[in-house]
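Here's the structure we're looking at; comments come further down.
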Amino acid sequence: MPQRRGPKDIEKMVYEAAKAMALAGNGVGTPRVVKLYIDDAREVLLGVAKAAKRQGWTAEELVLALDPPKPKLKPWERHQGPLPSSSEP
């Protein structure tokens, strides 16, 4: 069972969602711009939480679906660079 790192703080989650929205929308994540997205971020998080609950998702399933684990590379694939393009001589 994972250890809790401290008290849950929804405001941090809302701020991070707003920051991600600001970066995606404007490419700028300054505090002044992030504040413009706070209300929208709260609505988005609430909508996602309600939809997940309605569909019976757990938090772990939702995280796994949104950010699936990457397959481990085989040892010989780690050191292999990109394949040369066919246009190069």
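Keep in mind it's a predicted model, so treat the numbers as computed, not measured. We're numbering straight along the sequence, starting at 1.
Looking at heavy atoms from C-beta onward, V44 lies out of side-chain contact with Y37 at the 4.5 angstrom threshold.
In this structure, I10 belongs to a hydrophobic cluster whose other members, linked by side-chain heavy atoms under 4.5 Å apart, are M13, V14, Y15, V34, I38, L45.
Sorted by first and then second residue, the salt bridge (Lys or Arg N to Asp or Glu O under 4.0 Å) pairs involving residues 13-39 (not counting sequence neighbours) form an empty list.
Considering all non-hydrogen atoms of both residues, A18 and A41 come closest at N-CB, 3.5 Å. Shortest non-hydrogen contact noted between V33 and N26 is CG1-ND2, 3.6 Å.
The CZ atom of R42 lies 4.5 Å from the CD atom of E11; values are rounded to the nearest 0.5 Å. Rounding to the nearest 0.5 angstrom, the gap separating the CG atom in L66 from the CH2 atom in W57 is 7.5 Å.
The backbone N or O of T58 sits less than 3.5 Å from a side-chain atom of E61, completing a donor-acceptor pair.
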